[in-house]
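Worksheet: the structure to be examined is printed underneath.
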Amino acid sequence: MRRTVELTDMPGNDEGPRVLLLPGLGARGSGFRELALRLTDVARPVMVEYPEGGHAACGARALAEQVLRVTGSVDAVVASSFGGMVAAHLAAGGATRGVAFLGAFTRTEHVGPRGRLIAMMGPIAVLGRPGRVAASLAAWRPVASHQVADVVPTTMLERLTTLRRAFSIHAEPPPPDLRPLNVSCLCIQGDRDVLVPPSSLERLAASLPEGTPLHLLRGAGHVPYFSHPEECARLLTPWLQALAPAGLAVLTARGLGADVGSAA
């Protein structure tokens, strides 16, 4: 059981930006490994594993506070799916200068009508016991048996944690819009995403700073970082290079950062 946020620091460019890789609701941070390896020339990737168990029954804001306690402020965040909500809280709290959204959202309404049913992902994780078929559907390509756990919750503890966390999403206020903030954003969306449909991209973009680049990956599903790491790395590289550290201080402004800074 992971009782707290766990980090895996990948060997990287010491002069590059420190970038957190945040998974979705039931996925593991280890699913980012192939993308992380492709980013080591330009950045310092950090794969994040969320805590498990009853104490981890929290929505995106509380989870963002847990992440920040362990990681401190960073240069950039690359977030998948529900991880986009966590990343938005970090950005709104002044804890990062950039967020890349990969098949992600910051508010459930960005997902359209199905966003009202997002809590059902919890019961589906427990009762449906997702396996290789579900993982392959999410990736929109066959997923090897040894990689299934990177994409969908496979242990009972992971499933129960997903259940609790899914029901916690609507129990807290959503992240504020990032549009008025000085945050660099980037969006990558798979055109075969069956969970967060491509139509969500425009709704997400409307809440982000004007001019945020939008990229639609052909043939990619819900986890493009996992299924298309080379294409994602190509799009992320110039964005990360622009976020190279420039004396980034530990920020304790605007709510989240202040709360976490005082609790650390």
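Heavy-atom basis, side chains included; hydrogens, waters and symmetry copies ignored.
Between the OG1 atom in Thr237 and the CZ atom in Arg38 there is a gap of 11.0 Å [rounded to 0.5 Å]. Taken to the nearest 0.5 Å, the CZ atom of Phe101 stands 5.0 Å off from the SG atom of Cys185. Between atom CE of residue Met120 and atom CG of residue Leu127 there is a gap of 8.5 Å, rounded to the nearest 0.5 Å. Here the OG1 atom belonging to Thr71 is positioned 5.0 Å from the CG atom belonging to Leu20, to the nearest 0.5 angstrom. Atom CZ of residue Arg165 and atom SG of residue Cys58 lie 5.0 Å apart, to the nearest 0.5 angstrom. Expressed to the nearest 0.5 Å, how far CZ of Arg114 lies from CG of Leu117 amounts to 9.5 Å.
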Stepwise, does the side-chain contact (heavy atoms from CB on, under 4.5 Å) test hold for Gln189 with Ser200? CA-CA 9 Å; Gln189 177 75 40; Ser200 66; 4.0 Å; yes

Trace of the side-chain contact (heavy atoms from CB on, under 4.5 Å) decision for Met1 with Leu157: CA-CA 8 Å; Met1 177 189 297; Leu157 181 59; 3.8 Å; yes

Salt bridge (charged side-chain N to carboxylate O under 4.0 Å, His left out) between Arg234 and Glu230, intermediate numbers included: CA-CA 6 Å; Arg234 175 176 55 82; Glu230 187 170 348; over 6 Å; no

Intermediate values then yes/no, side chain to side chain donor-acceptor pair (under 3.5 Å), Trp239 and Ser184: CA-CA 8 Å; Trp239 176 75; Ser184 174; 2.9 Å; yes

Under the criterion side-chain contact (heavy atoms from CB on, under 4.5 Å), I'd like the reasoning laid out for Ser207 against His110: C-alpha separation, chi angles, the key distance, then a yes or no. CA-CA 9 Å; Ser207 71; His110 293 161; 3.4 Å; yes

Check step by step if side-chain contact (heavy atoms from CB on, under 4.5 Å) holds for Leu37 and Glu34. CA-CA 5 Å; Leu37 289 172; Glu34 289 301 318; 4.3 Å; yes

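Between the side chain of Arg192 and the backbone N or O of Gly219 there is no donor-acceptor pair closer than 3.5 Å. Looking only at distances, a side-chain donor or acceptor of Asn13 sits under 3.5 Å from a matching main-chain atom of Asp41. The backbone N or O of Arg18 sits less than 3.5 Å from a side-chain atom of Asp75, completing a donor-acceptor pair. Distance alone, capped at 3.5 Å, places no donor-acceptor pair between the Arg61 side chain and the Pro173 backbone. No side-chain donor-acceptor contact under 3.5 Å links Arg3 to the backbone of Pro51. Formation of a donor-acceptor pair under 3.5 Å by the Gln66 side chain with backbone atoms of Thr4 is not found in this model. Between the side chain of Arg132 and the main chain of Ala144, no donor-acceptor pair closer than 3.5 Å is present. No donor-acceptor distance shorter than 3.5 angstrom exists from the side chain of Thr106 to the backbone of Met85, with no hydrogens or angles considered.
Ile124 and Val126 fall into different hydrophobic clusters, where Ile, Leu, Val, Met, Phe, Trp and Tyr are joined by side-chain heavy atoms under 4.5 Å apart, directly or via other members. Cluster membership check: Leu217 does not share its hydrophobic cluster with Leu195, using side-chain heavy-atom separations under 4.5 Å among Ile, Leu, Val, Met, Phe, Trp and Tyr. By the rule that hydrophobic residues join a cluster once side-chain heavy atoms approach within less than 4.5 Å of another member, Val70 and Val67 end up as members of one cluster. Leu163 is not connected to Val151 by any chain of hydrophobic side-chain contacts under 4.5 Å among Ile, Leu, Val, Met, Phe, Trp and Tyr, and they are in different clusters. Linking Ile, Leu, Val, Met, Phe, Trp and Tyr residues whenever their side-chain heavy atoms come within less than 4.5 Å places Phe226 and Val148 in a single cluster.
Of all heavy-atom pairs between Ala88 and Pro175, the closest is CB-CB, 3.6 Å. In this structure, Arg107 and Pro174 approach most closely via the heavy-atom pair NH1-CG, 3.4 Å.
When side chains are defined from C-beta on, Leu22 counts as touching Leu90, because their heavy atoms get closer than 4.5 Å. Tyr50 has its side chain within reach of Pro23: a pair of non-hydrogen atoms, C-beta onward, lies under 4.5 Å apart. Using a 4.5 Å cut-off on side-chain heavy atoms (C-beta onward), Pro45 and Thr40 make contact. Contact check for Cys187 versus Leu201: side-chain heavy atoms found under the 4.5 Å cut-off. Side-chain atoms of Phe32 and Val78, non-hydrogen and from C-beta on, do get closer than 4.5 Å to each other. Between Leu204 and Thr212, the closest side-chain pair of non-hydrogen atoms is not below 4.5 Å. Ser81 has its side chain within reach of His222: a pair of non-hydrogen atoms, C-beta onward, lies under 4.5 Å apart. In this structure the side chain of Val143 never reaches within 4.5 angstrom of the side chain of Ser227, judged on heavy atoms.
Partners of Arg33 according to the side chain to side chain donor-acceptor pair (under 3.5 Å) rule, which considers only residues two or more places apart in sequence or in another chain, do not exist here.
Partner of Arg28 under the salt bridge (Lys or Arg N to Asp or Glu O under 4.0 Å) criterion, out of Glu52, Glu158, Glu49, Glu6: Glu158 alone.
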